[in-house]
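Everything on this sheet refers to the single structure shown next.
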There are 2 protein chains.
Amino acid sequence: MSDNDKALPPTAKSLKKSYCNDALPPIEEHTRQYETVRNAHETELIEDYVELIGDLISHRGEARAADIASRMGVSQATVSKMIRRLNELGLVTSKPYRSLFLTAEGQKMAETSRARHDIVLHFLRALGVNDHTARIDAEGMEHHVSNETLAIMQRFIDEQTKR
Amino acid sequence: MSDNDKALPPTAKSLKKSYCNDALPPIEEHTRQYETVRNAHETELIEDYVELIGDLISHRGEARAADIASRMGVSQATVSKMIRRLNELGLVTSKPYRSLFLTAEGQKMAETSRARHDIVLHFLRALGVNDHTARIDAEGMEHHVSNETLAIMQRFIDEQTKR
DNA sequence: CAAATAGTTTAGCCTTGGCTAACAATCATT
DNA sequence: AATGATTGTTAGCCAAGGCTAAACTATTTG
Ligand SMILES: [Mn+2]
Ligand SMILES: [Mn+2]
Ligand SMILES: [Mn+2]
Ligand SMILES: [Mn+2]
């Protein structure tokens, strides 16, 4: 019914509010938007844990539950429970009372997440956002940035840094 | 211990990976990042519901539970339960089996959310992201964009549209 | 090496946000 | 006005992700 995808009207009216109060998107498209967000929510905590574990291992030599808990700002019990989940998902290996290791799959996820996180963070800084704020925003935004947008962000960073 | 906030070294070394694999952020700052994300998660569904209800009212004349359910892509039972919550939070008023209305507070939240959502969406398009992708990304990103970043996005949009 | 401290796990509780199935109300059509 | 279709509600289930308290293990230190 609506043609949101095609060229914006060449004669935008108010330029400030031009296409913003368009009709609602068609139902199926609208639904898919919310669905995508719900799906992201299912994986984002997992990604953050795996990414943090990878960071702890590479920067500290090992990943201990207590460090995860204090970095995440949650209780050790919460971390312990989550580690069981990560184990079941095949992302980490752990022996009771010992520190954690990432499986091959876990390492892959850690790298991917870290790379994406870095692009978003660098993009925000390149855009002019204060480092502190950029870090906070990136931690949440990263899980909702498509590969398409990520590529554009990377291009933006490259252009900024080149000049 | 680290000074992430202050001026980046004027002689950045690799420019591609310069500050990305720095040491981990100091614990308290790191914790605050994750905390901020957790807080956003508590309010984001609420915001999406309220924003959608506002949109339905202004574009359709009324907000019915069935429309919310089909747009959100969830069951009517889920919507019914959520409406009770919105009611308890003082964001909507509703009589059984009738359509919904936003309270003054609800309207304020709807406007704020809608405005923020629009800025993020327009920003992504101005950046060169395809409309369809931009809509999907915006739906998730919007809840994790600080006011500081939002202002910068708005400035970017203005500059893009001016030239 | 024994005791104290630090780290980890388990048990049990809670809220949120999904679901299905059954029931209740409203609305539209004859 | 009766009936069937649509819409809304309730009950009861589940998983995720928090928490505290208590028990257990490992490490450090006297
Ligand atoms: Mn991350
Ligand atoms: Mn994150
Ligand atoms: Mn929104
Ligand atoms: Mn949203």
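Each chain gets a letter, A, B and so on, in the order its sequence line appears, and its residues count up from 1.
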Taking the minimum atom-to-atom distance to the side chain of [X], which one of [options] wins?
{"X": "B/Y97", "options": "D/dC19, D/dG8, D/dC24", "result": "D/dG8"}
{"X": "B/R98", "options": "C/dT26, C/dT9, D/dG18", "result": "C/dT26"}
{"X": "B/A77", "options": "C/dG7, D/dT10, C/dT10", "result": "D/dT10"}

Can you tell me the distance, in whole Å, between the [atom1] atom of [X] and the [atom2] atom of [N]?
{"X": "A/M82", "N": "D/dG18", "atom1": "CE", "atom2": "C1'", "result": "10 Å"}
{"X": "B/N87", "N": "D/dT10", "atom1": "CG", "atom2": "C1'", "result": "16 Å"}
{"X": "B/R38", "N": "D/dC19", "atom1": "CZ", "atom2": "C1'", "result": "12 Å"}
{"X": "B/Q76", "N": "C/dT26", "atom1": "CD", "atom2": "C1'", "result": "13 Å"}
{"X": "A/D67", "N": "C/dA6", "atom1": "CG", "atom2": "P", "result": "14 Å"}
{"X": "A/H41", "N": "D/dG18", "atom1": "NE2", "atom2": "P", "result": "12 Å"}
{"X": "B/Y34", "N": "D/dG18", "atom1": "OH", "atom2": "P", "result": "12 Å"}
{"X": "A/E35", "N": "C/dG18", "atom1": "CD", "atom2": "C1'", "result": "13 Å"}

So what does A/L45 hit on the nucleic acid, given a heavy-atom distance under 4.0 Å: a base, only sugar-phosphate, or nothing?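 Contact class for A/L45: sugar-phosphate only.
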
Both atom distances under 3.5 Å, Watson-Crick or G-U wobble: I'd like the secondary structure of DNA chain D as a dot-bracket string, with | for pairs made across strands. ||||||||||||||||||||||||||||||

Does A/Y49 or A/P96 map to a spot on DNA chain D nearer the 5' end, using the closest nucleotide for each?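 Nearest nucleotide further toward 5': that of A/Y49.
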
Answer whether the closest heavy-atom distance between the side chains of B/V129 and B/F123 falls below 4.5 Å.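 Contact flag for B/V129/B/F123 side chains = no.
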
Student check: side-chain heavy atoms of A/H143 and A/T43 closer than 4.5 Å: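 A/H143 does not reach A/T43 side chain to side chain.
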
B/L52-B/L121 co-clustered via ILVMFWY side chain contacts under 4.5 Å: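 B/L52 and B/L121: separate clusters.
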
Check salt bridge (charged side-chain N to carboxylate O under 4.0 Å, His left out) between A/E148 and all other residues, then give those that pass, not counting sequence neighbours.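 Partners of A/E148 under the salt bridge (charged side-chain N to carboxylate O under 4.0 Å, His left out) test: none.
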
Would one find a side-chain N or O of [X] under 4.0 angstrom from OP1 or OP2 of [N]?
{"X": "B/S80", "N": "D/dG8", "result": "no"}
{"X": "B/R84", "N": "D/dT9", "result": "no"}
{"X": "B/T78", "N": "C/dC19", "result": "yes"}

Residues 89-97 of chain A side chain polar contacts: donor-acceptor under 3.5 Å, at least two apart:
from: A/S94; atom 1: OG; to: A/N87; atom 2: ND2; distance (Å): 2.7

Working to the nearest 0.5 angstrom, can you tell me the gap between A/I83 CD1 and A/T78 OG1?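 Answer for the CD1-OG1 pair, A/I83 versus A/T78, is 11.0 Å.
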
Can you label the angle between the A/H144 ring and the B/H144 ring as parallel, tilted or perpendicular, going by 30° and 60°?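 It falls in the parallel class, under 30°.
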
